[in-house]
Each structure stands twice: as structure tokens, then as C-alpha cells.
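A quick write-up on the structure given underneath.
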Amino acid sequence: MIIAIDGTAASGKGTLGRTLAMRLGLDHLDTGQLYRAVGLAVKQADLDLETACDDALKALVEGLDLSQNFGPELRSSEIGELASKVAAIPQVRTSLLEKQRDFAQQPPHGKGAVLDGRDIGSVVLPDADAKFFIDAAADIRATRRHLELKARGEDIDFSEVLSDIIKRDCRDKNRTVAPLIAASDAFFIDSSDKNAEEVLAICLDHLDSEHEPQAANGL
Ligand code: CDP
């Protein structure tokens, strides 16, 4: 069983990915963490994205141990912004593509996988068994992200968080390679007025309805 979840920044796709995987006994990969890890590595190597050559980026991504536990520094607004910049670079996406497919095809516990990100249903796993696309109004997503960053101790204004989210959505949707897009066969959920449990329940209902045995003709 392979499930693809895509969506906008702070739409709740990470929480949904985690809880859905737990409920179904599947492994979960938050692919945003991979791009965030590359963003952190770029920062640590003091690499200038405007001038860095493809080989330097390739070496940086391939030298990363993506299975390590990166810790909370990946969740900062600075690293989120850097992640969205490195994610627009074709060389970075190509280097991460196989890692994501390998995880889906050989999940650690062997039962199946849930991957969440921006291009999972459209590019990484176009043949996934189920696809979800999750979105919410920008001000609601900014409120959620503002609370998350404040809980982490970041001193940041709501207006800055909102403008970062809008900028990041715009960059993600308009990049030339693997832009953020709902796959045509994805099930759409607007989480603006729904909490995490409600979103999970909608997904589980959808999966149940999709996998209900079909009644035989004439019975
Ligand atoms: O948590 P949030 O939704 O803010 O972001 P994330 O999922 O951690 O992803 C950080 C950034 O990585 C996004 O803004 C995207 O630019 C990029 N990303 C991507 O391009 N493709 C993916 N499959 C996952 C993330």
C-alpha cells in the first residue's frame, strides 16, 4: 500500500502523513524534511545558491546521510525558506527522487508507505494506491505555523509568517520542475475548518470507500 499526500505549506499534510501511517501500520516519509536537510547543509557549507555549480550541489546532496535524526533546527523559518529555494533546483530534485522512490518501494517495515510533500502524486509516485491533496486558507495556515514557530521559541510576527507562506506557495507552484500541483486523481481536502482528527477521519473514510469490495452484477 503506497499513499501520496501533497499540499501547501502548513496545510496539515505532515500531521496527516504521520497519523495515517500510524493508523495503517505503514512507514512515513516527510519529504519536506529532505529538502530542509539540503537547505541546512547549504547554510552550513556557506554555499551561494546563485553561483553554486550543479556538481557542487550534487556532491552536497549525495554526501548527506538523510536517515539521520536532524532534530528541531530543520523546522525554523530560515531553513523552510532555504528548503523552498533548493527545491527549485533541478539537480537537487533529481538527486532526491530515487531516495524517495526507494523508501516507497522498500519501506523499513515492509508493509507499505505514506509519503508527503509537493510532487508525490504527480512525479515521485504517480502510481500510488491512493492520493490526497490538502490545502487551507493562507491566513489559517499562517496562524498554525506562527503557533508552531512561537512554541519553538522563534520570535516572529504573524505578518512575516503570512508573507513567507504566500511567497513559498508561489515559488513552489511556479517553479519549472515538479511544481506543486494536485494530481488529477487526488482526493482534495480543505482543512481550513477541520482539525487533525477530522482530516484523518475523512481520509480513512475515503480509503474505506475506495477499497470496499464491489457487489457482483445481478446480486
Ligand atoms: O512544513 P511545510 O509545509 O512548511 O514545508 P515542508 O513540507 O517541510 O517543505 C519545505 C519546502 O520543501 C517546501 O516549501 C517545498 O519548496 C519543498 N518541497 C518540495 O519541493 N517537494 C517536496 N516533495 C517536499 C518539499
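Counting starts at 1 for both ligands and their atoms, in listed order. Remember, it's a predicted structure, so these values are computed and weren't measured experimentally.
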Short list, please: which atoms of ligand 1 are under 4.0 Å from a heavy atom of [X]?
{"X": "Ser84", "value": "14 (O), 16 (O)"}
{"X": "Asp172", "value": "13 (C), 14 (O), 15 (C), 16 (O)"}
{"X": "Ala9", "value": "3 (O), 4 (O)"}

Test item, Ala10 contacting ligand 1 (heavy atom, 4.0 angstrom): yes
Partner of Ile3 under side-chain contact (heavy atoms from CB on, under 4.5 Å), chosen from Leu20, Asp116, Asp129: Leu20
Candidates Thr15, Leu16, Ile134, Thr8 - the one meeting side-chain contact (heavy atoms from CB on, under 4.5 Å) with Ser191: Ile134
Ring geometry between His146 and Phe158 (parallel below 30°, tilted from 30 to 60°, perpendicular above 60°): perpendicular
With the 4.5 Å side-chain cut-off for hydrophobic clustering, are [X] and [Y] part of the same group?
{"X": "Met1", "Y": "Phe132", "answer": "yes"}
{"X": "Leu74", "Y": "Leu149", "answer": "no"}
{"X": "Ile89", "Y": "Val124", "answer": "yes"}

Rounded distance [0.5 Å steps], CD in Glu198 versus SG in Cys203: 12.5 Å
Pairwise distance CG(Asp172) to CZ(Arg118) - rounded to 0.5 angstrom: 5.0 Å
Taking distance alone, with N or O pairs closer than 3.5 Å, would you say [X] contacts ligand 1?
{"X": "Gln33", "result": "no"}
{"X": "Arg145", "result": "yes"}
{"X": "Gly80", "result": "no"}
{"X": "Arg168", "result": "yes"}
{"X": "Asp30", "result": "no"}

How far is [atom] from the closest protein heavy atom, and which atom is that?
{"atom": "atom 17 (C) of ligand 1", "value": "Ala87 CB, 3.6 Å"}
{"atom": "atom 12 (O) of ligand 1", "value": "Tyr35 CB, 3.5 Å"}
{"atom": "atom 8 (O) of ligand 1", "value": "Arg36 NE, 2.6 Å"}
{"atom": "atom 21 (N) of ligand 1", "value": "Arg93 NH2, 3.0 Å"}

Lys/Arg N to Asp/Glu carboxylate O, Arg145 vs Asp164, below 4.0 Å: no
Charged N-O contact under 4.0 Å between Asp30 and Lys13: no
Considering only heavy atoms, does [X] approach ligand 1 within less than 4.0 Å through its side chain, its backbone, both, or neither?
{"X": "Ala88", "value": "neither"}
{"X": "Arg118", "value": "both"}
{"X": "Arg75", "value": "side chain"}
{"X": "Lys167", "value": "neither"}
{"X": "Lys13", "value": "side chain"}

Side-chain touch Met22/His28, heavy atoms, less than 4.5 angstrom: no
Options Val38, Thr31, Leu74, Asp116, ranked by nearest heavy atom to atom 23 (N) of ligand 1, top entry: Thr31
Atom CD1 of Ile202: over 12 foreign heavy atoms under 6.0 Å: yes
